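Positions are given from 1 along the sequence. Owing to the predicted nature of the structure, the values given are computational and were not obtained by experimental measurement.
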Amino acid sequence: MRPLLFALPGAEPLGAALARQLHCEHAQLTVHRFPDGELNPCFGTLPKGRPVILVSQLDRPDQKIMALYLAACVARELGAAQVGVVLPYLPYMRQDAQFRSGEGITARHFARLVSSCCDWLVTVDPHLHRFHDLGQIYSVPSTVVPAAPAIASWINAHVAKPIVVGPDGESAQWAEQIAAAAGCPYLVLSKQRSGDHAVAVSVPDTRAWAGRTPVLVDDIVSTAGTMIAAAAHILAAGQAAPVCIGVHALFAGDAYEALQRAGAARIVSCNSVAHASNAIDLSAALAEAIDARLAGAPAAVSP
């Protein structure tokens with residue numbers, strides 16, 4: 001039967017874009033909030049016997065996860081043939097180890113919650129560090145859509161003679177993939193973090209940068225501290241103002257304005273998280289992965 005797609009609050013534009021790509025029925029989901037704050041999802045079209053796709057952009061996840069969880073559970077209660085969740089930004093991945101006594105590995109617990117309410121998951125470039133793939137913590141099938149091809153296409157269309165710059169070692173994989181797809185050189189800076197907001201970045205020999213526009217890329221931009229430090233060092237080294245690209249534009253507090261003040265020539269992000277900087281559309285790649293999941297097979301999506 002024809003799938004039903006429902007967008008959770010805040011994800012309506014992405015949901016509409018995916019519905020156009022998928023040619024599925026884009027139906028209404030209302031999430032009522034009672035005076036005491038409790039939530040009650042209501043499906044405008046009954047999902048009995050039909051595949052259901054729930055789309056949610058989980059930045060600020062604590063404000064959104066209960067609506068997603070309850071919507072998925074209610075869809076199953078109402079007889080949905082299957083329930084898939086599309087979470088372009090997958091939160092709670094940073095706590096992937098017990099760093100101090102008294103802490104836990106919250107990535108595992110969040111994964112257990114999401115896995116308990118759905119049949120499959122599609123996401124974009126999760127922050128995998130100590131876990132090598134989502135199958136280590138998620139018990140449902142998952143497809144990871146890489147943002148690198150779309151980012152590379154944007155760079156080729158908007159930046160003359162780019163050099164892709166990873167602001168730290170963790171960003172090396174993004175920098176290499178994007179540069180390869182864009183057909184340009186790349187390099188990776190080194191970073192030392194001494195707190196949530198304190199970051200020091202060192203810039204290597206800049207002779208390879210001659211005549212090129214630095215393009216800073218990172219998967220998650222939250223405090224923007226890493227990009228701010230990298231931009232400052234690039235400018236201090238006499239290079240052109242960098243174009244800053246983030247896959248997931250979280251921008252906590254005034255981070256976006258702070259990055260602007262740091263001298264970024266332009267700030268661009270993917271639409272995995274709704275933000276004013278969104279300029280790179282991932283809906284086509286997400287739709288391909290969703291189609292494959294609906295058919296019961298992983299998508300043939302390559303980095």
Side-chain angles (χ1 to χ4, degrees), residues 59 89-97 99 107 124-133 144 146-148 151-152 155 159 162-182 184-209 212-253 255-256 258-270 272-273 275 277 280 303:
D59 55 308
Y89 169 64
L90 192 61
Y92 279 95
M93 292 297 293
R94 65 163 57 86
Q95 188 72 16
D96 55 1
F99 299 104
V124 175
D125 288 337
H127 188 72
L128 293 171
H129 187 196
R130 291 168 183 84
F131 297 122
H132 300 296
D133 62 72
V144 173
I151 293 174
I155 291 172
V159 182
I163 179 169
V164 173
V165 182
D168 58 24
E170 289 185 15
S171 67
Q173 57 179 320
W174 319 108
E176 183 177 8
Q177 291 171 13
I178 293 166
C184 68
Y186 79 98
L187 55 83
V188 178
L189 312 183
S190 61
K191 176 184 76 172
Q192 183 173 1
R193 181 181 289 277
S194 55
D196 286 344
H197 297 270
V199 179
V201 173
S202 64
V203 177
D205 189 341
T206 59
R207 285 175 291 185
W209 302 42
R212 292 192 173 271
T213 300
V215 181
L216 275 168
V217 296
D218 209 351
D219 61 335
I220 296 175
V221 186
S222 180
T223 65
T226 299
M227 276 198 171
I228 288 169
H233 281 74
I234 288 171
L235 291 170
Q239 303 305 311
V243 174
C244 296
I245 301 179
V247 178
H248 306 298
L250 301 184
F251 287 117
Y256 181 64
L259 184 55
Q260 289 177 314
R261 293 193 298 269
R266 184 171 181 181
I267 304 170
V268 172
S269 65
C270 300
S272 59
V273 172
H275 190 265
S277 62
I280 302 171

Side chain proximity check, P126 to F131, heavy atoms < 4.5 angstrom: no
Rounded distance [0.5 Å steps], CD in Q95 versus CZ in R130: 9.0 Å
H248 side chain reached by D125 side chain, heavy atoms, under 4.5 Å: yes
L216 versus A230, closest heavy-atom pair with distance: CD2-CB, 3.8 Å
Heavy-atom donor-acceptor pair, T213 side chain to V243 backbone, under 3.5 Å: no
Whether Q239 side chain and A241 backbone form a donor-acceptor pair below 3.5 Å: no
Shortest non-hydrogen separation from F99 to R94 and the atoms involved: CE1-O, 3.9 Å
Side chains of V217 and S171 in contact at under 4.5 Å (non-hydrogen atoms): no
V124 side chain near Y89 side chain, heavy-atom distance below 4.5 Å: no
Distance in Å, S269 OG paired with F251 CZ, rounded so as to fall on 0.5 Å steps: 6.5 Å
Pairwise distance CD1(I245) to CZ(R266) - rounded to 0.5 angstrom: 9.0 Å
Non-hydrogen side-chain atoms of H233 and L189 separated by less than 4.5 Å: no
Separation between NE2 of H127 and OG of S222, rounded to the nearest 0.5 Å: 11.0 Å
Closest non-hydrogen atom pair, T223 against I228: O-CD1, 4.4 Å
Flag side-chain contact, heavy atom, 4.5 Å: C244 against L259: yes
L128 backbone acceptor or donor facing H132 side chain under 3.5 Å: no
Minimal non-hydrogen separation, A240 against P214, with atom names: O-CG, 3.3 Å
P185 versus P162, closest heavy-atom pair with distance: CD-O, 3.8 Å
Contact check, side chains of I178 and V215, non-hydrogen atoms, under 4.5 Å: no
Side chain D59, main chain V273, donor-acceptor under 3.5 Å: no
Gap between atom CD1 of I220 and atom CG of L250 - 0.5 Å precision: 6.0 Å
Qualifying residues under ring pair (Phe, Tyr, Trp, His ring centres under 6.0 Å), relative to Y92, sequence neighbours excluded: F110
Validation row: V221, I267 side chains within 4.5 angstrom (heavy atoms): no
